[in-house]
Amino acid sequence: FSVFKQGNLQISKVTQFSDTGNRATDDLFFTTSVTMKNTGTNTMTNIYYMRTVDPDQEQPWTNNYNTRNWVDSQRFVDGETPADRADDTTANKCFVAAHGVTNAELYCGLGTINSHCRVNHWGFNNNDASVSWSNTAWQTYNSGNKRNADEAIQLMYKYDTIEPGATVQFNYAYVLDAADLDNAMANLEYVTILSP
């Protein structure tokens with residue numbers, strides 16, 4: 001459990017590694033719950049939260065920092081068409097993945113089911129969530145046409161407003177085995193912060 005504060009925005013985070021609910025002991029994923037609270041007296045606008053990771057799974061064995069990256073699922077935003085959407089069929093599911101160039105079993109994915117989320121893959125020094133949010137380079141790649149590059153995968157949340165005293169909460173999962181994707185997405189609700 002961790003808490004930090006930036007101005008009037010207090011962010012609490014807890015990561016769940018232990019088995020919970022229906023999870024089998026050999027599942028290779030973990031979930032994180034984040035709560036953001038406006039502790040100020042004014043409405044906050046355009047609040048972003050981002051997780052980014054440059055996986056480099058094969059580097060210790062091949063000295064290759066590249067991964068094969070793609071957006072598996074992406075939710076619609078205003079102005080997009082079905083052609084812009086990735087391979088998903090679950091509403092608000094956002095999932096980005098990367099696996100080794102030589103060893104596809106060296107897998108890392110990041111995802112959620114949330115109406116405020118987007119995912120992406122590009123660069124590896126991404127520290128501006130609003131830029132990652134609007135970057136459309138991911139649309140060129142999919143599970144049948146993965147990008148081969150040394151780059152990060154990102155998961156971003158955007159809240160247009162957070163009222164004074166209000167909180168928003170969201171959960172996401174890191175998935176380390178493609179076979180555990182559905183189970184990870186189904187278990188997002190098992191980790192919750194009771195009080196920010």
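Heavy-atom basis, side chains included; hydrogens, waters and symmetry copies ignored.
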- Less than 4.5 Å apart, any side-chain heavy atom of Phe170 and any of Tyr49? yes

- Query: Roughly how far, to the nearest 0.5 Å, is CG of Asp177 from CG of Asn183?
  - Reply: 11.0 Å

- Item | Side-chain donor/acceptor of Asn66 to backbone N/O of Asn64, under 3.5 Å | no

- Task: Would you confirm whether Thr39, through its side chain, and Asn8, through its main-chain N or O, come within 3.5 Å as a donor-acceptor pair?
- Result: yes

- Side-chain donor-acceptor contact under 3.5 Å, Asn171 with Ser33: yes

- Query: Atom NE2 of His121 and atom OG1 of Thr52: how far apart are they, to the nearest 0.5 Å?
  - Reply: 12.0 Å

- Start with the C-alpha gap between Lys37 and Leu9, add the side-chain angles, then the distance that decides, and say whether side-chain contact (heavy atoms from CB on, under 4.5 Å) holds. CA-CA 6 Å; Lys37 180 177 183 176; Leu9 185 65; over 6 Å; no

- If you link ILVMFWY side chains whenever their heavy atoms are less than 4.5 Å apart, which other residues fall into the same cluster as Leu28? By chain and number, please. Leu176

- Message: For Trp122 versus Gln154, what's the shortest heavy-atom pair and its separation?
- Response: O-NE2, 3.0 Å

- Query: Just wondering, are more than 12 heavy atoms of other shown residues or ligands nearer than 6.0 Å to CD in Gln6?
  - Reply: no

- For residues 150-170, the salt bridge (Lys or Arg N to Asp or Glu O under 4.0 Å) pairs (sequence neighbours left out) are Arg147-Glu151, Lys158-Asp160

- Message: Please give me the minimum heavy-atom distance between Thr31 and Ala173, naming the atom from each residue.
- Response: CG2-CB, 4.0 Å

- Query: Given the rule in the side chain to side chain donor-acceptor pair (under 3.5 Å) test, do Asn114 and Thr112 qualify, once you have shown the distances and angles that lead to the verdict?
  - Reply: CA-CA 6 Å; Asn114 186 291; Thr112 191; 5.0 Å; no

- Query: With sequence neighbours left out, which residue pairs that include part of residues 46-60 fulfil the salt bridge (Lys or Arg N to Asp or Glu O under 4.0 Å) condition?
  - Reply: none

- Note on the structure: Taken to the nearest 0.5 Å, the spacing of Trp133 CH2 from His116 NE2 works out to 8.5 Å

- With distance as the sole test, does Asp72 use its side chain to make a donor-acceptor pair with the main-chain N or O of Phe95 at under 3.5 Å? no

- Message: Could you report the tightest heavy-atom contact between Leu106 and Gln57, atom names first, then the distance?
- Response: O-NE2, 3.1 Å

- Query: Does the side chain of Val34 come within less than 4.5 Å of Ser12's, by heavy atoms?
  - Reply: no

- Message: Nearest 0.5 Å, please: how far is CG in Asn38 from OG1 in Thr45?
- Response: 10.5 Å

- Item | Check: Ile47 and Tyr157 side chains under 4.5 Å, non-hydrogen atoms | no

- Between Ile113 and Cys94, is any pair of side-chain heavy atoms under 4.5 Å apart? no

- Item | Beyond-backbone contact of Val175 with Tyr107, side-chain heavy atoms, under 4.5 angstrom | yes

- Item | Least distance between heavy atoms, Thr35 atom then Thr167 atom | CG2-CB, 3.9 Å

- Query: Less than 4.5 Å apart, any side-chain heavy atom of Asn148 and any of Val101?
  - Reply: yes

- Query: Does Lys146 offer a backbone N or O that forms a donor-acceptor pair with the side chain of Asn142 under 3.5 Å?
  - Reply: no

- Between the side chain of Gln74 and the main-chain N/O of Val119, is any donor-acceptor distance below 3.5 Å? yes

- Quick one: closest heavy-atom pair of Leu155 and Cys117, and the distance? CG-SG, 3.8 Å

- Item | OH (Tyr159) with more than 12 external heavy atoms under 6.0 Å | yes

- Query: When hydrophobic residues are tied together by side-chain contacts of less than 4.5 Å, even through go-betweens, does Val131 share a cluster with Ile153?
  - Reply: no

- Are His99 and Trp70 close enough that some pair of their side-chain heavy atoms sits under 4.5 Å apart? yes

- Message: Test of understanding: clusters of I, L, V, M, F, W, Y form through side-chain heavy atoms closer than 4.5 Å, transitively. Do Val53 and Trp138 belong to the same one?
- Response: yes

- So do Thr43 and Pro164 actually touch side chain to side chain, heavy atoms under 4.5 Å? yes

- Atom pair OH/CZ of Tyr141 and Arg68 - distance to nearest 0.5 Å: 10.5 Å

